[in-house]
Q: 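Below is a structure I'd like to ask you about.
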Amino acid sequence: MDVFVDGVLITSTMVDLGGRWRVPLLFDVPGARTITALQRRADCAAQQTSVSVQVSCPCAPPIIQFPLDQSVICLQEQFFGVGTPGAGIDLCIRRGADDVFCDTAAVGPDGAWRVSVPVNLPNGAYVVAVAQSGGGCASAEARSAFTVDCACPPPEIHSPHTGGSVCGLTALSGVGTPGAVVSACVRDGGNEEVFCGAAAVDPDGSWRLAVPVILPNGAYTAAAYQTTAVCVSGENANAFTVDCACPPPEIAEPQPGLITCDLTDVTGTGAPGAAVSLCIRNSGGSNVFCGSAVVDTNGSWQVPLSGALADGAYTITVSQASAQCTSGEAIVSFTLLCRACVEPVIFEPFGDAINCAPFATVLGGGEPNSQIQLEIIGPDGTYSTTATVSSAFSWQAEFPPMPIGDYTVIATQLGRCPGVHQISFTLVDCE
């Protein structure tokens, strides 16, 4: 049996008694080959058969020097190793069954290869598979299992600071990893989320997140974490308190004291946009009217009464509630009097009469809670004093003892029911 490769006689051999023959063929160059076997016997015509084959050469896989198998790494810009000089490198990074990144490179004359990895690998488990090919051969894959585990600190919260007390919080701010995304929430004392949002960290490491809601007075926690290309951090949290001064509204009308029966509205000033709540209580402490109003942009409010109030003593309590806080109460006490006025009158001394000395006390009546101005004009000058009309409609004023002679007493009532009463009398020695 003559054996030819690509028409060139390579060797000849004998067919054994079993009808089989075998010859070794060695190739140093891979590629397509045609192998022909020609059988020759003296008693029969020659016969031949041909077959085409593809010759390939075994090729050792490359060596992976980084990352080493079972190693733990963080960010690394290049994977590298050694291989057959001139061979081509095919590299893939896989996470599970998915290719995360693939690229090629050439093995240098010194046998070294490097592949740049331009992607950030999130924390987790990976396998890098590398094969080499060229010079007529293609290797199996070399594999290295590795884990990416990069430290990922939480962002810092600078405002509000831990334990701080603020009013009118408009933004959360702090520092983090440039390019990361900060996710932040404000939670109330019951750990309920009041507001959540996200902001990117600037190249200088700062971040700021506007707070579009008004936080009522109370205890809160600001919490934030950041997400980078490689990991998600834990949470950083600052406890703080919102404590805004919330003064009560002012009552303009009615004023404290005695008023007439024309009270139809309660008015005052407060924080623009706040809701004013008002109640009027009688002397027994029972509510006779309650109402509410919104403070206008000028800071004014007005609550119309639903009906007329009976004569008597009353107390008005008013508070205001804004989105920020609820105030304490403003209180005004007044007495409503719708009857006719009581004019001032002098009871003693008796007018147009002779009174016995010594004389020192003037008695009279008038409108309750009114002020009485008294003047006594006598032979040695004018005496002046004041008195207040009691709830029993009476008043009394004391003077020093006066000499004998003719006198004029003038009582002037001030306030809601102004009036004047004047008498004349003669003071004599009756002993």
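All of these numbers come straight from a predicted model, not from anything done at the bench. Just so it is clear, the values below take in all heavy atoms, side chains as well, and ignore hydrogens, waters and symmetry mates.
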Q: Compare all side-chain heavy atoms of Phe66 with those of Ser144 and state whether any distance is below 4.5 angstrom.
A: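 No. Closest side-chain heavy atoms not under 4.5 Å.
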Q: Pro212 and Ala210: which non-hydrogen atoms are nearest, and at how many Å?
A: CD-O, 3.4 Å
Q: Show every donor-acceptor pair shorter than 3.5 Å between a side-chain atom in residues 167-193 and any protein atom, with sequence neighbours excluded, or say none if there are none.
A:
| from | atom 1 | to | atom 2 | distance (Å) |
| --- | --- | --- | --- | --- |
| Thr177 | OG1 | Gln226 | NE2 | 3.2 |
| Arg187 | NH2 | Glu235 | OE2 | 3.3 |
| Asp188 | OD1 | Gly190 | N | 2.9 |
| Asp188 | OD1 | Asn191 | N | 3.2 |
| Asp188 | OD1 | Glu192 | N | 2.9 |

Q: Taking only residues two or more places apart in sequence, or in another chain, which ones meet Asn298 in a side-chain hydrogen bond (donor to acceptor under 3.5 Å, both in side chains)?
A: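 Expected list: none.
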Q: Have a look at Tyr126 and tell me which of Phe79, Phe146, Phe101 forms a ring pair (Phe, Tyr, Trp, His ring centres under 6.0 Å) with it.
A: Phe146
Q: Is the CD atom of Glu250 crowded by more than 12 outside heavy atoms at less than 6.0 Å?
A: no
Q: Side-chain contact test, heavy atoms from C-beta onward, threshold under 4.5 Å: evaluate it for Ile376 versus Val362 and give yes or no.
A: yes
Q: Check for a donor-acceptor pair, side chain of Asn238 on one end and backbone N or O of Ala222 on the other, with a separation under 3.5 Å.
A: no
Q: Nearest heavy-atom pair of Ala411 and Trp395: which atoms, and what distance?
A: CB-CZ2, 4.1 Å
Q: Students often mix this up, so state it plainly: with edges at 30° and 60°, are the rings of Tyr383 and Phe399 parallel, tilted or perpendicular?
A: perpendicular
Q: Within the side chain of Asp204, is there an N or O that forms a donor-acceptor pair under 3.5 Å with the backbone of Ser206?
A: yes
Q: Between Gln132 and Pro61, which heavy-atom pair has the shortest distance, and what is it?
A: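 Answer, listing the atom of Gln132 first, then Pro61: NE2-C, 3.9 Å.
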Q: Got a donor-acceptor contact below 3.5 angstrom from the Trp113 side chain to the Val82 backbone?
A: yes
Q: Taking the side chain from Glu348 and the backbone from Thr361, do they hold a donor-acceptor pair closer than 3.5 Å?
A: no
Q: Let's go through Leu209 and Phe195 carefully: what are the C-alpha distance in whole Å and the side-chain angles of both, what is the deciding distance for side chain to side chain contact (heavy atoms under 4.5 Å, CB included) to 0.1 Å, and is it a yes or a no?
A: CA-CA 11 Å; Leu209 178 63; Phe195 162 75; 3.9 Å; yes
Q: Please round to the nearest 0.5 Å and tell me the distance separating atom CG of Leu263 and atom CD1 of Ile316.
A: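 So the CG of Leu263 and the CD1 of Ile316 are separated by 6.5 Å.
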Q: Is it the case that Ser52 and Arg33 place a side-chain donor and acceptor less than 3.5 Å from each other?
A: no
Q: Test your reading of the model: is there a side-chain donor-acceptor pair from Thr228 to the backbone of Val230, 3.5 Å cut-off?
A: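 A pair under 3.5 Å: yes.
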Q: So, Thr104 and Asp90: side-chain donor and acceptor under 3.5 Å apart, yes or no?
A: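 Result is no, nothing qualifies.
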Q: Measure the spacing between CG of Asn369 and CZ of Phe393 and express it to the nearest 0.5 Å.
A: 10.0 Å
Q: Would you say Gln413's side chain and Val342's backbone share a donor-acceptor pair under 3.5 angstrom?
A: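 Judged by distance alone, yes, a pair lies under 3.5 Å.
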Q: Taking the side chain as every heavy atom from C-beta outward, state whether Ile410 and Val420 have any atom pair closer than 4.5 Å.
A: yes
Q: Between Asp202 and Gly205, is there a donor-acceptor pair closer than 3.5 Å when you use the side chain of the first and the backbone of the second?
A: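 Here the side-chain-to-backbone pair does not exist.
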Q: Nearest 0.5 Å please: distance from the CD1 atom of Ile346 over to the CD1 atom of Ile423.
A: 4.5 Å
Q: Determine, step by step, whether Ile372 and Thr412 satisfy the side chain to side chain contact (heavy atoms under 4.5 Å, CB included) criterion, reporting the C-alpha distance in whole Å, the side-chain angles of both residues, the deciding distance to 0.1 Å, and the verdict.
A: CA-CA 6 Å; Ile372 301 294; Thr412 302; over 6 Å; no
Q: Take Leu374 and Val409 through the test side chain to side chain contact (heavy atoms under 4.5 Å, CB included) and record every step on the way to the result.
A: CA-CA 7 Å; Leu374 276 175; Val409 181; 4.2 Å; yes
Q: Examine distances only and state if a side-chain atom of Ser390 and a backbone atom of Ala392 form a donor-acceptor pair shorter than 3.5 Å.
A: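 Side chain of Ser390 to backbone of Ala392: a pair is present.
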Q: Please name the pair of heavy atoms, one in Ala60 and one in Ser139, separated by the smallest distance, quoted to 0.1 Å.
A: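 Nearest heavy atoms, Ala60 then Ser139: O-CB, 3.4 Å.
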Q: Stepwise, does the disulfide bond (SG atoms under 2.5 Å apart) test hold for Cys74 with Cys150?
A: CA-CA 5 Å; Cys74 188; Cys150 294; 1.9 Å; yes
Q: Side-chain contact, heavy-atom cut-off 4.5 Å: Val51 with Thr34?
A: no
Q: Any side-chain heavy atom of Pro254 within less than 4.5 Å of one from Val266?
A: yes
Q: If you define the side chain from C-beta out and look only at heavy atoms, does anything of Glu141 sit under 4.5 Å from Val130?
A: no
Q: Apply side chain to side chain donor-acceptor pair (under 3.5 Å) to residues Arg281 and Ser286 and explain how you reach the verdict.
A: CA-CA 5 Å; Arg281 301 184 180 96; Ser286 299; over 6 Å; no
Q: For Ala145, does its backbone N or O pair with a side-chain atom of Asp69 as donor and acceptor, under 3.5 Å?
A: yes
Q: I need the Ile214 CD1 to Cys325 SG distance, nearest 0.5 Å.
A: 10.0 Å
Q: Identify the heavy atoms of Pro67 and Ile64 that sit nearest to each other, and give their distance.
A: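 Heavy-atom minimum between the residues: O-CG2, 3.5 Å.
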Q: Which pair of non-hydrogen atoms, one from Cys152 and one from Ser233, has the smallest distance, and what is that distance?
A: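 Smallest heavy-atom distance, with atoms named: O-CB, 3.1 Å.
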Q: Side chains of Asp265 and Thr267 only: does a donor on one sit below 3.5 Å from an acceptor on the other?
A: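 Note: Asp265 and Thr267 side chains miss the donor-acceptor criterion.
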Q: Got Val318 and Ser277 here, is their nearest side-chain heavy-atom distance under 4.5 Å?
A: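 Result no, sub-4.5 Å side-chain heavy-atom pair not found.
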Q: Report yes or no: does Trp301 contribute a side-chain atom to a donor-acceptor pair with the main-chain N or O of Pro249 at less than 3.5 Å?
A: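 It does not hold such a pair.
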Q: Classify the side-chain pair Glu398/Gln396 by whether it contains a donor and acceptor separated by less than 3.5 Å.
A: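 On atom types as modelled, these side chains qualify, holding a pair under 3.5 Å.
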Q: Could you please spell out the steps behind the side chain to side chain contact (heavy atoms under 4.5 Å, CB included) verdict for Phe240 and Thr162?
A: CA-CA 6 Å; Phe240 67 99; Thr162 297; over 6 Å; no
Q: Roughly how far, to the nearest 0.5 Å, is CD1 of Ile89 from CZ of Arg114?
A: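 The CZ atom of Arg114 sits 13.0 Å away from the CD1 atom of Ile89.
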Q: Rounded at 0.5 Å granularity, tell me how far OG1 in Thr382 sits from OH in Tyr407.
A: 11.0 Å
Q: Are the side chains of Val194 and Val213 in touch, meaning some heavy atoms are under 4.5 Å apart?
A: yes
